[in-house]
Number of protein chains: 2
Amino acid sequence: MNFSEAKKEIDSALNQGKLCLVVGNCKVRYDGRAASKLSEGDRLLVIKPDGTFLVHQKSKMNAINYQGPGADVTTDLDGDALRVRAERRKPMKEVIDVFFHSLQSVQSFVMSDDSNLKLFGSERELADLLLDDLHVLEKGLKPLNKEADLRKGFADIMARDSSGRLVAIEVKRREAGLDAVTQLARYVKELSQRKDEKVRGILCAPRITDNAKTMLEKDGLEFIKLDYEVSDKAEIKGLEKKQKSLEGY
Amino acid sequence: MNFSEAKKEIDSALNQGKLCLVVGNCKVRYDGRAASKLSEGDRLLVIKPDGTFLVHQKSKMNAINYQGPGADVTTDLDGDALRVRAERRKPMKEVIDVFFHSLQSVQSFVMSDDSNLKLFGSERELADLLLDDLHVLEKGLKPLNKEADLRKGFADIMARDSSGRLVAIEVKRREAGLDAVTQLARYVKELSQRKDEKVRGILCAPRITDNAKTMLEKDGLEFIKLDYEVSDKAEIKGLEKKQKSLEGY
DNA sequence: GCGATCAGCGGCACG
DNA sequence: CGTGCCGTTGATCGC
């Protein structure tokens with residue numbers, strides 16, 4: 001395909017707010033938050049109407065080079081190559097240059113789409129469901145306001161147990177690692193200082209790594225295994241108490 | 001475009017290890033780690049030779065539905081729609097069904113590409129550079145990374161200061177938030193317990209949020225502002241000591 | 001707009 | 001293989 005035709009096609013697509021796909025052999029250069037070079041190879045370039053700019057190789061899920069929504073895309077005939085540039089200034093100045101040396105295809109499409117994804121099984125959804133069934137965790141647990149105590153990030157669920165102690169509950173939709181325990185520990189620490197009372201911390205997840213469990217126990221926190229099913233409607237399938245509090249350290 | 005022709009084209013592309021692009025109006029359903037529904041709209045489907053399966057809407061960087069490398073892709077004429085399915089069993093059973101009701105384009109391409117990205121400015125690179133210039137952080141700091149202290153999760157750099165105290169240094173390539181402080185605090189805590197001596201913790205980043213700085217100071221940790229430039233070769237531009245130790249808590 | 005956190009995170013490196 | 005953690009993380013939500 002001819003470069004100047006290709007340039008026209010891309011420019012026109014950009015102008016009309018169409019999705020533009022370019023396949024060809026290219027080099028890529030990026031300079032911004034980091035910097036990168038990619039030597040010649042066949043790639044797919046996707047340019048979306050919102051400025052999204054994706055350079056895909058033949059494997060892997062993620063684009064090898066990219067620019068998010070809001071990028072300014074321009075084209076230029078640069079000697080024996082067609083240069084497509086995506087530029088951004090918002091977080092900081094960033095530039096991607098794609099130098100096409102040969103083209104397999106340039107196409108553009110009108111994309112009409114008003115639909116939003118409906119997702120089931122998010123952490124938020126699980127926490128909401130659990131809030132309505134706190135007794136499955138422990139008898140006598142009474143929910144407090146869900147997330148209002150701290151402004152700078154706090155536990156998913158706050159509650160009081162049957163003996164009146166404050167309980168911070170962190171829900172994870174997948175295996176909990178060290179970071180999850182660290183996070184809960186921070187919440188418990190800050191809360192107990194703020195409220196000047198002992199606070200329990202419960203981590204709910206379908207699984208926990210060995211290291212995380214060790215650290216959690218050392219910190220006097222608790223883990224409750226919580227499996228769930230997703231099927232149009234996120235549902236809590238069951239749970240298994242595995243670890244009780246060690247009463248401080 | 002005709003569905004049965006499209007099916008043939010896609011099947012052939014899959015068979016020959018080509019990149020396949022499909023643009024058309026479709027519905028999408030996903031069931032796996034979570035579940036989702038997406039009603040009709042125009043989308044781009046990218047199928048890579050390694051099984052990568054991406055459904056892109058007209059905006060945003062990330063695919064709205066996807067399957068990673070290793071997915072098994074099949075097609076089926078399903079009444080008045082062309083169904084393209086990506087199935088995976090590896091982490092767990094996951095299925096995406098894309099139902100095309102009309103097609104704008106089906107194309108496939110041979111993709112020859114042996115190049116790897118050269119990236120400059122990664123955290124690892126910054127840490128390595130800093131390791132060779134520890135004095136810019138503080139006079140008398142001596143690196144001791146060869147000890148390879150902990151296996152599972154540890155500070156980027158370990159050193160000893162002029163008075164012989166152990167120092168854990170965490171490098172962040174971007175603004176440090178609460179999580180970065182929490183992470184460093186965990187390292188320092190574990191290390192001081194393990195080594196049975198007081199350990200200093202230094203966080204190096206171009207910026208730190210207010211909350212994070214507050215927490216860091218309360219935990220007796222230190223922050224050193226560390227700017228850098230990336231230009232073909234990651235370079236440490238300068239630094240600014242901002243916060244000194246508060247001598248334990 | 002900043003900040004904290006989630007994500008079907010993905011990907012990598014190391015044990 | 002698990003596990004920790006970085007990422008040009010991106011995207012969302014609350015303030």
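Below, chain A is the first sequence line, B the second, and so on; all start at residue 1. Since this is a predicted model, take the numbers as computed values, not measurements.
Of all nucleotides listed (C/dC9, D/dG7, C/dC6), C/dC6 comes nearest to the side chain of A/Lys172. Comparing atom distances between the B/Arg186 side chain and each of C/dC9, D/dC5, C/dG8 picks out D/dC5 as nearest. For B/Arg173, counting side-chain heavy atoms from C-beta on, the closest listed nucleotide (D/dG7, D/dG4, C/dA4) is D/dG7. The A/Pro69 side chain lies nearest to D/dA11 when the options are D/dC5, D/dA11, D/dT8. Side-chain proximity of A/Lys60 to the nucleotides C/dG11, C/dA4, D/dT9 is greatest for C/dG11. The side chain of B/Arg124 has C/dC14 as its nearest neighbour among D/dT9, C/dG8, C/dC14. Nearest to the side chain of B/Arg207, among D/dC5, C/dG3, D/dA11, sits C/dG3.
Taking 4.5 Å as the limit, every side-chain heavy atom of B/His56 sits out of range of all side-chain heavy atoms of A/Val46.
One N or O donor and one acceptor, one from the side chain of B/Asn65 and one from the base of C/dG8, sit under 3.5 Å apart. With hydrogens and angles ignored, a donor-acceptor pair under 3.5 angstrom links the side chain of B/Gln67 to the base of C/dG8.
Ring geometry for B/Phe154 versus B/Tyr187: interplanar angle of 30 to 60°, hence tilted.
Looking at B/Asp50 and B/Thr52, their side chains do bring a donor and an acceptor atom within 3.5 Å of each other.
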Can you give each donor-acceptor pair under 3.5 Å made by side-chain atoms of residues 63-74 of chain A, sequence neighbours left out, with the distance rounded to 0.1 Å?
unit_1, atom_1, unit_2, atom_2, d
A/Asn65, ND2, A/Ser36, OG, 3.1
A/Gln67, OE1, A/Arg88, NE, 3.2
A/Gln67, NE2, A/Ala86, O, 3.2

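Atom CG of A/Asn62 and atom P of D/dG10 are 10 Å apart (whole Å).
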